[in-house]
Amino acid sequence: MVKSDVLVLGGGPGGYLAAERAGAAGKSVTLIEKRALGGTCLNEGCIPSKALLNSAKLYEHALHSEAFGVTAENVKIDHAKVVARKDKVVKALVSGVGAKMSANKVNVVMAEGYVKGKTADGFVVTAGGEEYAADKLILACGSVPVIPGIPGLREGVESGFVLTNREILSLTSVPKKLVVIGGGVIGLEMASYFAMIGVPVTVIEMLDKIAGPTEREISDILLKNYKKKGIEFKLSCKVTGVGTNCVMYEENGEEKKAEADAVLCSIGRRAMTEGMGIENLGVAMERGAVLTDEHLETNVPGVYAVGDINGKLMLAHTAYREAEVAVNHILGKKDAMRYDAIPSVIYTNPEVASVGDTEESAKAKGLDVKSVKVSMKYSGRYLAEVEKGDGICKLIIDKKRNSIVGVHLIGSYTSEMIYGAAMMVESGASVDYFKRIVFPHPTVCEVIREALFEI
Ligand SMILES: Cc1cc2nc3c(=O)[nH]c(=O)nc-3n(C[C@H](O)[C@H](O)[C@H](O)COP(=O)(O)OP(=O)(O)OC[C@H]3O[C@@H](n4cnc5c(N)ncnc54)[C@H](O)[C@@H]3O)c2cc1C
């Protein structure tokens with residue numbers, strides 16, 4: 001049996017950062033990973049999707065460069081080369097995680113882990129025929145795509161006609177027609193990539209809007225932009241079946257069909273909690289995810305669950321912060337997780353970035369709020385760089401505290417601006433305080449400053 005201070009199950013952002021931080025603090029750590037270090041995020045999620053989207057953005061810019069006085073002829077995109085570049089980026093990042101594990105003396109075991117339970121040696125996990133034990137166990141097994149019981153869907157997955165994020169990010173040939181089931185962030189990013197490189201794409205979404213909880217006005221602008229790129233949307237439509245080269249759906253009570261030669265199923269993800277013995281610990285669960293407190297500890301003292309496995313906010317940066325909070329708790333340091341100011345981003349063109357409450361969600365919490373909105377055209381840089389842009393910046397203000405509780409942006413660079421907005425929301429400082437902060441000129445982030453003076 002191999003004994004460590006901390007055992008980590010899963011090597012994605014939650015697991016590898018927990019291992020890195022615990023190792024850096026002098027703890028002996030064993031990290032068990034069954035597929036590849038970096039998890040979903042590095043191998044089949046955040047990074048690969050952004051690599052693809054960046055190639056598509058370059059292509060789109062080249063195609064529409066005339067408006068900027070630049071003529072480009074014979075512009076082409078080679079999807080196989082885009083994927084090969086993506087693989088190179090992934091490889092570099094995965095090996096970087098490996099290097100960090102070595103630098104922090106983390107014992108990495110590449111095998112599937114199974115939790116046996118608690119013994120006198122601590123929590124015991126078996127992997128690759130060996131037993132590993134520790135007094136602290138961090139569960140970081142991530143999530144998997146939801147494949148609902150729609151007739152024909154599972155058969156479609158088995159035959160390769162229906163793809164999940166894993167397969168679609170590694171396709172080496174381009175589908176002739178793609179149907180995306182689900183108009184959430186992952187579905188939209190993939191729909192956007194394939195539409196930008198010239199594939200006819202139809203997105204079927206059950207709700208009457210796209211991008212899930214994104215602020216309504218922002219998601220409406222996004223929808224308009226996607227439609228201009230040629231993506232077809234079937235909103236308020238329910239998928240009823242998957243057939244040969246088609247997806248059946250219901251629209252206004254009528255049964256319809258969308259032809260496709262590939263389908264992406266992206267209707268959500270669920271915590272990965274099955275088949276690895278966590279039931280042997282008696283860990284409490286809620287709606288299929290592991291229940292945790294503000295220290296990411298479960299009902300079993302010494303067992304933590306970080307990242308997608310706790311189902312709270314399935315984002316890599318949430319997993320990172322949760323990993324830090326869990327490790328700090330193990331180290332006896334005061335820390336607690338807060339979920340009020342976690343940014344979310346859609347990395348298409350245009351980008352969408354949000355943090356905190358929408359007007360609706362703030363009102364549901366009983367806050368007395370008002371919102372202000374300014375056009376991105378208030379920014380000189382935005383006007384100089386974006387042709388016919390319709391971006392906006394929206395602030396949600398708590399009238400009683402005169403503080404910002406939400407920031408919602410659509411337009412270029414917003415993914416890079418949102419961390420500043422997250423600080424505004426997280427700090428709870430007053431609007432007057434932020435009015436005294438100097439923003440660089442000319443930048444797109446100046447629209448936030450403009451909006452502050454509209455309050
Ligand atoms: C297409 C796509 C795009 C995304 N884009 C973004 C984005 O832009 N920004 C963002 O913040 N988030 C994004 N996400 C979400 C992000 O990838 C996840 O929130 C993040 O990876 C969660 O980290 P994690 O450590 O909890 O789990 P994961 O990254 O899923 O890692 C869990 C790891 O545990 C391993 N594992 C599971 N069970 C066992 C076992 N029994 N034994 C050993 N190992 C095991 C798995 O192999 C996996 O490597 C995206 C997701 C997808 C699918």
Side-chain angles (χ1 to χ4, degrees), residues 48-64 75 77 79 82 161-165 167-169 171 173-239 242 245-251 256-268 344-353 386-392 410-412 414-415:
S49 54
K50 269 81 252 181
L52 263 55
L53 281 167
N54 188 53
S55 291
K57 276 181 208 171
L58 289 174
Y59 177 58
E60 196 177 44
H61 283 151
L63 284 177
H64 304 294
V75 179
I77 186 158
H79 177 70
V82 171
F161 172 52
V162 177
L163 315 169
T164 68
N165 60 295
E167 300 82 37
I168 198 153
L169 286 162
L171 281 183
S173 61
V174 176
K176 286 192 192 72
K177 170 116 183 56
L178 177 69
V179 167
V180 175
I181 306 177
V185 177
I186 295 173
L188 293 175
E189 287 188 350
M190 288 299 94
S192 190
Y193 170 75
F194 283 100
M196 286 200 282
I197 69 166
V199 177
V201 179
T202 303
V203 177
I204 307 176
E205 166 59 53
M206 207 150 81
L207 301 177
D208 65 349
K209 72 188 275 286
I210 58 165
T214 302
E215 207 272 341
R216 183 92 205 196
E217 199 173 352
I218 303 262
S219 71
D220 285 348
I221 296 173
L222 190 63
L223 181 66
K224 214 168 72 196
N225 276 272
Y226 289 157
K227 282 183 175 170
K228 270 195 221 156
K229 289 180 202 295
I231 305 177
E232 187 184 7
F233 285 90
K234 298 287 173 194
L235 300 182
S236 306
C237 289
K238 193 176 160 201
V239 171
V242 172
N245 289 335
C246 68
V247 174
M248 282 81 82
Y249 62 95
E250 207 178 273
E251 188 173 31
K256 296 200 172 161
K257 223 185 221 187
E259 306 289 332
D261 67 343
V263 175
L264 170 66
C265 179
S266 59
I267 60 152
S344 63
V345 175
I346 306 173
Y347 294 82
T348 56
N349 182 18
E351 292 181 347
V352 168
V386 182
E387 271 296 298
K388 298 187 185 145
D390 53 0
I392 60 166
I410 178 165
S412 48
T414 57
S415 58

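We're numbering straight along the sequence, starting at 1. Please read all numbers here as calculations on a predicted model, not as lab measurements.
- When each of L169, V185, V201 is paired with M190, the side-chain contact (heavy atoms from CB on, under 4.5 Å) condition holds for L169 and for no other.
- Residue-environment remark: NZ (K228) exceeds the threshold of 12 foreign heavy atoms within 6.0 Å.
- Within the model, atoms CD1 of I181 and CG of L163 stand 10.5 Å from one another, a figure rounded to the nearest 0.5 Å.
- Residues N349 and K229 meet the side-chain proximity criterion, which asks for heavy atoms closer than 4.5 Å.
- K227 has its side chain within reach of L223: a pair of non-hydrogen atoms, C-beta onward, lies under 4.5 Å apart.
- For the pair A262 and P175, the tightest heavy-atom approach, listed with the atom from each and the gap, is CB-CB, 3.8 Å.
- You'll find the side chain of S49 stays beyond 4.5 Å of the side chain of Y347, heavy atoms only.
- For the atom pair CD1 (I210) and CD1 (I218), the distance works out to 11.5 Å, reported to the nearest 0.5 Å.
- Note that CD of E60 and OH of Y193 are 12.5 Å apart. Values are rounded to the nearest 0.5 Å.
- Here CD1 of I221 is found 5.5 Å from CD of E217. Values are rounded to the nearest 0.5 Å.
- A salt bridge links K234 with E232: the distance from a Lys NZ or Arg NE/NH1/NH2 to an Asp or Glu carboxylate oxygen falls below 4.0 Å.
- Although no hydrogens or angles enter the test, the distance criterion places no donor-acceptor pair under 3.5 Å between the side chain of T202 and the main chain of F233.
- For the side-chain contact (heavy atoms from CB on, under 4.5 Å) with L222, the lone residue among D390, T214, T348 that qualifies is T348.
- Side-chain atoms of E205 and V180, non-hydrogen and from C-beta on, never get closer than 4.5 Å to each other.
- When all heavy atoms of N245 and E259 are compared, the pair lying nearest together is O-OE1, 3.4 Å.
- Aromatic pair Y59/H79: centroids not less than 6.0 angstrom apart.
- The two residues Y249 and I204 make their nearest non-hydrogen contact at CD2-CD1, 3.7 Å.
- Here the side chains of F194 and I168 are in contact, with some heavy-atom distance below 4.5 Å.
- Distance check, rounded to the nearest 0.5 Å: CG of L264 to CD1 of I186 gives 8.5 Å.
- For the pair C246 and M248, the tightest heavy-atom approach, listed with the atom from each and the gap, is SG-SD, 3.7 Å.
- For the residue pair V203 and I231, the shortest heavy atom distance occurs at CG2-CG2, 3.8 Å.
- The NZ atom of K224 sits 9.0 Å away from the CD1 atom of I410 when rounded to the nearest 0.5 Å.
- Looking only at side-chain heavy atoms (C-beta outward), I346 and E189 come within less than 4.5 Å of each other.
- Considering all non-hydrogen atoms of both residues, V242 and F161 come closest at CG1-CE2, 3.7 Å.
- Contact of the V345 side chain with the T414 side chain is not registered, since no non-hydrogen atoms from C-beta on lie closer than 4.5 Å.
- Under a 3.5 Å cut-off, the side chain of E167 and the backbone N or O of T164 do form a donor-acceptor pair.
- With salt bridges taken as basic N to acidic carboxylate O contacts below 4.0 Å, one links K57 and E351.
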